[in-house]
Peer 1: 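One structure is given below, represented as structure tokens, and several questions about it will come after.
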Amino acid sequence: MEKHLMVALMILSLHRSWVNSEDSVEQSPRTLTIQEGMNATFYCNYSSRGSDYLHWYRQDLRKSLVNLFVLITSGEVKHNGRLTVTLNTKDQQSSLHITASQPEDSATYLCAKAQCSPGI
Ligand SMILES: *[C@@H]1O[C@H](CO)[C@@H](O)[C@H](O)[C@H]1NC(C)=O
Ligand SMILES: *[C@@H]1O[C@H](CO)[C@@H](O)[C@H](O)[C@H]1NC(C)=O
């Protein structure tokens, strides 16, 4: 039987409001709805001069943010289950790849640049 379950993913941008306005974070696509089993990739472009940490978070409705990954080094690739993230500091871009999306992947994913170290 054909699978009709859809996976809805959404990402939002977080801005570092406490630093100068030249620093920004932009994510694309804004929203994505795909069929179960398909791959999904989100991109997070940022503009910042500091060598800050790049964080990826997941947020479920009415729940608090869960930190999924922290990246700092260019070329870094990290895996967590079916999730893979990459960081390219030269292009100032990070990607979040979801392999074989499942309904439980439906969530809001956010990326953020932050000067604080992991765990803070
Ligand atoms: C992100 O960067 C890529 C490559 O530099 C560019 O093609 C894309 O349009 C950018 N996306 C956004 C949302 O700025
Ligand atoms: C989905 O992602 C996995 C892991 O990156 C890759 O091996 C596979 O070829 C991708 N499938 C499609 C249909 O792009």
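As the structure lists them, so they are numbered: ligands from 1, and atoms in each ligand from 1.
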Peer 1: Please enumerate all residues that pass side chain to side chain contact (heavy atoms under 4.5 Å, CB included) together with His79, with sequence neighbours excluded.
Peer 2: Val77, Thr84
Peer 1: Any luck finding a side-chain donor-acceptor pair between Gln93 and Asn88 under 3.5 Å?
Peer 2: no
Peer 1: Could I get the full list of side chain to side chain donor-acceptor pair (under 3.5 Å) partners for Asn39, not counting sequence neighbours?
Peer 2: none
Peer 1: Output a table of donor-acceptor pairs, distance under 3.5 Å, between side-chain atoms of residues 61-74 and any protein atom two or more places apart or on a different chain; print 'none' if there are none.
Peer 2:
residue : atom : partner : partner atom : Å
Ser74   : OG   : Thr89   : N            : 3.0
Ser74   : OG   : Thr89   : OG1          : 3.1

Peer 1: Under the criterion side chain to side chain donor-acceptor pair (under 3.5 Å), I'd like the reasoning laid out for Thr86 against Ser95: C-alpha separation, chi angles, the key distance, then a yes or no.
Peer 2: CA-CA 5 Å; Thr86 65; Ser95 69; 2.6 Å; yes
Peer 1: At less than 4.0 angstrom from any atom of ligand 2, which residues have a non-hydrogen atom? List them by chain and residue number.
Peer 2: Asn39, His97, Thr99
Peer 1: Does Trp56 reach the side chain of Ser94, with side-chain heavy atoms less than 4.5 Å apart?
Peer 2: yes
